[in-house]
Amino acid sequence: MPDVLAGGIFVLIGGAFVVGSLGYELGTPLRMGPGAFPLLVGATVAALGLAIVIKGLVAGEVASFGPIPWRAVAVIVLAVMFFGFTVRGLGFVPTSAVTALLTTLASSRVRPLTAVAVAAGLTVAATLIFVVGLQLRIPLWGPWLGF
């Protein structure tokens, strides 16, 4: 029952975000605090996970997972760790670019030129969304680069 397992994982992850967000101020609907967004995202993920669990139980399907793509798992975990450890030192733009490039190259079917184009697009989009739109206080270029 892969749907039940996957849905359960979503419920656990969403629930963890909900519990974690309660340690922060939630604010009001017009002036949301730092805990409001993780609470909303966590609740949405948990609700979707619950829907997947219910669908899996109703369908009663059984399917094999197939081989685990260990290369992709390792590269994506390393990319997320890279982002967490270097975003303050390198800055948002270079860290986002390298992280996006690594995660794109996690698939063996992606050509290098396509990976670079996707990484550039994701970097621009992330910068516009998080730094410009949401005014996240992270430097675009970090002190490790001398800017």
Side-chain angles (χ1 to χ4, degrees), residues 1-110 114-142 144:
M1 293 201 165
D3 282 346
V4 174
L5 180 61
I9 292 170
F10 280 127
V11 169
L12 287 175
I13 292 171
F17 271 88
V18 167
V19 169
S21 72
L22 297 177
Y24 297 99
E25 181 184 342
L26 296 177
T28 65
L30 294 177
R31 236 11 219 152
M32 289 192 280
F37 187 71
L39 176 71
L40 293 172
V41 171
T44 302
V45 168
L48 290 173
L50 187 59
I52 292 170
V53 167
I54 292 170
K55 176 193 170 277
L57 290 174
V58 169
E61 63 187 30
V62 176
S64 65
F65 284 107
I68 297 173
W70 289 112
R71 173 186 169 205
V73 170
V75 170
I76 290 172
V77 167
L78 287 173
V80 171
M81 289 176 58
F82 172 81
F83 185 89
F85 286 121
T86 62
V87 69
R88 295 200 187 273
L90 287 176
F92 189 79
V93 172
T95 305
S96 295
V98 171
T99 302
L101 184 64
L102 286 174
T103 55
T104 305
L105 289 173
S107 171
S108 59
R109 295 182 285 183
V110 176
T114 303
V116 169
V118 168
L122 287 174
T123 301
V124 169
T127 302
L128 290 174
I129 291 169
F130 293 105
V131 177
V132 176
L134 295 175
Q135 297 177 350
L136 196 65
R137 296 180 192 262
I138 291 181
L140 293 177
W141 305 97
W144 293 353

Note to self: Among residues at least two apart in sequence or on other chains, which ones pass side-chain contact (heavy atoms from CB on, under 4.5 Å) with I13?
What the structure shows: I9, F17
Checklist line | side-chain contact (heavy atoms from CB on, under 4.5 Å) partners of T123, counting only residues at least two apart | finding: V93, S96, A97, T127
Note to self: With rounding to the nearest 0.5 angstrom, report the CG to CZ distance, L136 to F92.
What the structure shows: 7.0 Å
Note to self: Could you report the tightest heavy-atom contact between P94 and G91, atom names first, then the distance?
What the structure shows: CD-O, 3.7 Å
Show me the donor-acceptor pairs within less than 3.5 Å that the side chains of residues 25-41 make with the rest of the protein, sequence neighbours left out.
unit_1: T28; atom_1: OG1; unit_2: R31; atom_2: N; d: 3.1

Note to self: Nearest 0.5 Å, please: how far is CD1 in I52 from CG in L5?
What the structure shows: 11.0 Å
Checklist line | All side-chain contact (heavy atoms from CB on, under 4.5 Å) counterparts of F82, not counting sequence neighbours | finding: T86, L90, T95, V98, T99
Next item on the list: Report the residues that fulfil ring pair (Phe, Tyr, Trp, His ring centres under 6.0 Å) with W144, sequence neighbours left out, ordered by chain and then residue number.
Entry: none
Next item on the list: Search all heavy atoms of S108 against all heavy atoms of R71 and return the closest pair with its distance.
Entry: CB-NH1, 3.1 Å
Checklist line | Worked verdict on L78 versus L102 for side chain to side chain contact (heavy atoms under 4.5 Å, CB included) | finding: CA-CA 8 Å; L78 287 173; L102 286 174; 5.8 Å; no
Note to self: For a quick test of reading the model, state the closest non-hydrogen atom pair linking K55 to D3 and the distance between them.
What the structure shows: NZ-OD2, 2.9 Å
Item checked: L101 to A119 - nearest heavy-atom pair and separation -> N-CB, 3.6 Å
Margin query: With a sphere of 6.0 Å drawn around CZ of R88, does it hold more than 12 non-hydrogen atoms of other residues, nucleotides or ligands?
Written below: no
Checklist line | Results of side-chain contact (heavy atoms from CB on, under 4.5 Å) for A106 - residues two or more places apart only | finding: A72, V75, I76
